[in-house]
Amino acid sequence: MNKEFYPAEPFRIKSVETVKMISREEREQVIKDAGYNTFLIDSEDVYIDLLTDSGTNAMSDKQWAGMMIGDEAYAGSKNFKHLEATVQELFGFKHIVPTHQGRGAENLLSQIAIKPGQYVPGNMYFTTTRYHQERNGGIFVDIIRSEAHDASIDIPFKGDIDVEKLKNLIEEKGAENIAYVCLAVTVNLAGGQPVSMKNMREVRELTNKYGISVFYDATRCVENAYFIKEQEEGFADKSISDIVLEMFSYSDGCTMSGKKDCLVNIGGFLCMNDDDLFNDAKELVVVYEGMPSYGGMAGRDMEAMAIGLRESMQFEYIQHRVKQVRYLGQKLIEAGVPIVEPVGGHAVFLDARRFCPHLSQEQFPAQSLAANLYVESGVRSMERGIVSAGRDRKTGKNHAPKLETVRLTIPRRVYTYSHMDLVADAVIKLYKHKEDIKGLKFVYEPKQLRFFTARFEEI
Ligand SMILES: *Cc1c(COP(=O)(O)O)cnc(C)c1O
């Protein structure tokens, strides 16, 4: 391996869950029954589950203790007070509206901040985020730097917004026709690529000039902060929480999926500084989520989230987190397996275009690669390519993203380096007989967010 320092797990294991490996014949039957969609495989039939880092976090003993002091009153729960104070302190926003998960916050924000026909520029799309923007009449425009669409360009801060693209869009459409800028830290579908502090500052300066708001998709803000500390000049000596606070100081609010960096299994929230917008959000949250003091979460879940958010800012935790992902990526790179570079914060993305050059994008190479990896090894991953991108709402044509990837997403505090070794060996083995991977075709295609429940068969 290269000279990179890989720290040992900064925790010891107090409770374990046994996993089992079923036979290859059984796995072949399972994937057929699941319509070649890894979302439709039973968890019991999975050996190592890298489907997602969402809600798959292992909680700490302190968080479990927090679960016992859940205040399940319908209104005014003390756990909400704790969560609110924690978010205000760590993120620096004035208001917080709890939601059942990230998309609940996206739904609220899209409804209150987008007028039909307005543009919503963002650094690459995310599935649920774009869905809610478009459902509310918004027009998503991708303004990420162009390099982000090329899996093989290894540069830092590949998630940055192209400020020139943003400026041109504002001048062309007029500031009044921009709902807000949606800035994701990190950029999930670009490969977990971070955004630099410099870029956040520049986006703030530009939008201030035009009076346009900026809302962050804060889902992996702590991972983003680690990259800034590690790679951006002037931040090496700053604490993770100082960096997070500065990041958010260049925004007007954020949506948060608590299922990622908050180190819990469920939950989310919406933040903002504006009092009127907060009022609008509170009026809507009771329709979709629950009272403004729980928003779809149990009191105990809010307590675990408040504790988890603080734990996530510990340097030892986040360093190990990002390095463990890098360890897996580095092993694959050294074996010549094509992946999205540089390795991002939460996952290693296999580049299915180069992995399966014998398949066209219409044959769903990433979908098939994920299915084949499961059969090979019992490792579950996820397609992030043409199937996830869905169809254009107007023309009905497939969005054809440049990045056609399989995501190996690492849950937080769940697996060890040995598990990463096993996953790397499985991928490398599959790569050696990649020609056996066949294309797929739809047998069932849902109208919305099709990747979750679509079914396929081999061509
Ligand atoms: C997971 C995720 C969301 C949506 O959050 P949920 O909690 O799954 O509803 C939004 N944006 C990004 C970048 C995500 O990864």
Side-chain angles (χ1 to χ4, degrees), residues 39 50-57 97-111 120 122-135 138 140 142 144 148 158-159 161 180-195 215-225 227 247 251 253-271 285 288-290 295-297 301-302 304-305 308-309 312 321 325 340 344-349 381-384 388-390 401 403 405 407-412 448-449 451-453:
F39 277 99
L50 307 186
L51 182 71
T52 175
D53 62 333
S54 179
T56 52
N57 302 309
V97 182
T99 58
H100 75 286
Q101 57 185 85
R103 70 198 68 182
E106 292 168 349
N107 175 33
L108 299 181
L109 180 67
S110 300
Q111 289 204 37
V120 192
N123 47 348
M124 205 172 271
Y125 84 102
F126 184 74
T127 53
T128 57
T129 319
R130 187 178 69 189
Y131 176 78
H132 282 293
Q133 291 164 356
E134 292 180 343
R135 194 187 148 92
F140 167 78
D142 185 11
I144 200 166
K158 216 173 161 182
I161 280 179
Y180 56 87
V181 175
C182 177
L183 192 159
V185 285
T186 61
V187 186
N188 189 344
L189 295 196
Q193 304 297 341
V195 177
F215 284 91
Y216 286 5
D217 180 338
T219 298
R220 295 185 183 80
C221 60
V222 186
E223 289 167 13
N224 200 97
F227 283 101
M247 284 164 54
S251 77
C254 72
T255 56
M256 181 75 178
S257 169
K259 304 175 71 170
K260 283 82 170 213
D261 272 359
C262 293
L263 293 172
V264 288
N265 306 117
I266 194 71
F269 52 83
L270 170 65
C271 290
V285 76
Y288 291 99
E289 309 283 326
M297 281 186 278
D301 292 330
M302 294 190 281
M305 184 184 270
L309 200 52
S312 75
R321 159 72 178 155
V325 175
V340 176
H346 67 303
V348 174
F349 289 68
S381 58
M382 178 196 293
E383 191 260 11
R384 277 304 184 214
S388 293
L403 290 178
T405 64
R407 195 179 75 182
L408 302 165
T409 339
I410 315 303
R412 296 170 186 77
Q448 285 133 16
L449 299 174
F451 57 94
F452 282 126
T453 53

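Side-chain atoms are counted along with the backbone in the values below, which use heavy atoms only and exclude waters and symmetry mates. One-based numbering, in listed order, for ligands and for the atoms of each. Numbering of residues begins at 1 and proceeds along the displayed sequence.
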Run the side-chain donor-acceptor check on residues 50-57: report pairs under 3.5 Å with partners two or more places apart or on a different chain.
unit_1 : atom_1 : unit_2 : atom_2 : d
T52    : OG1    : S54    : N      : 2.8
D53    : OD1    : R220   : NH2    : 2.9
D53    : OD2    : R220   : NE     : 2.9
D53    : OD2    : R220   : NH2    : 3.3
D53    : OD2    : R412   : NH1    : 3.4
D53    : OD2    : R412   : NH2    : 2.9
T56    : OG1    : T52    : O      : 3.1
N57    : OD1    : R412   : NH1    : 3.2
N57    : ND2    : K259   : O      : 2.9
N57    : ND2    : K260   : O      : 3.2
N57    : ND2    : V264   : O      : 2.9

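- Here F227 pairs with nothing under the ring pair (Phe, Tyr, Trp, His ring centres under 6.0 Å) rule; sequence neighbours left out.
- A search for ring pair (Phe, Tyr, Trp, His ring centres under 6.0 Å) contacts involving F39 returns F451, F452, not counting sequence neighbours.
- Summarising the geometry, atom OH belonging to Y216 is positioned 9.0 Å from atom CG belonging to N224; distances are rounded to the nearest 0.5 Å.
- Protein residues are said to neighbour a ligand when one of their heavy atoms lies under 4.0 Å from it; for ligand 1 these are Q101, G102, R103, E106, F126, T128, T129, N188, D217, T219, R220, S257, K259, K260.
- At least one donor-acceptor pair under 3.5 Å links the side chain of E289 to the backbone N or O of H100.
- In this structure, S388 contributes its side chain and E383 its backbone to a donor-acceptor pair below 3.5 Å.
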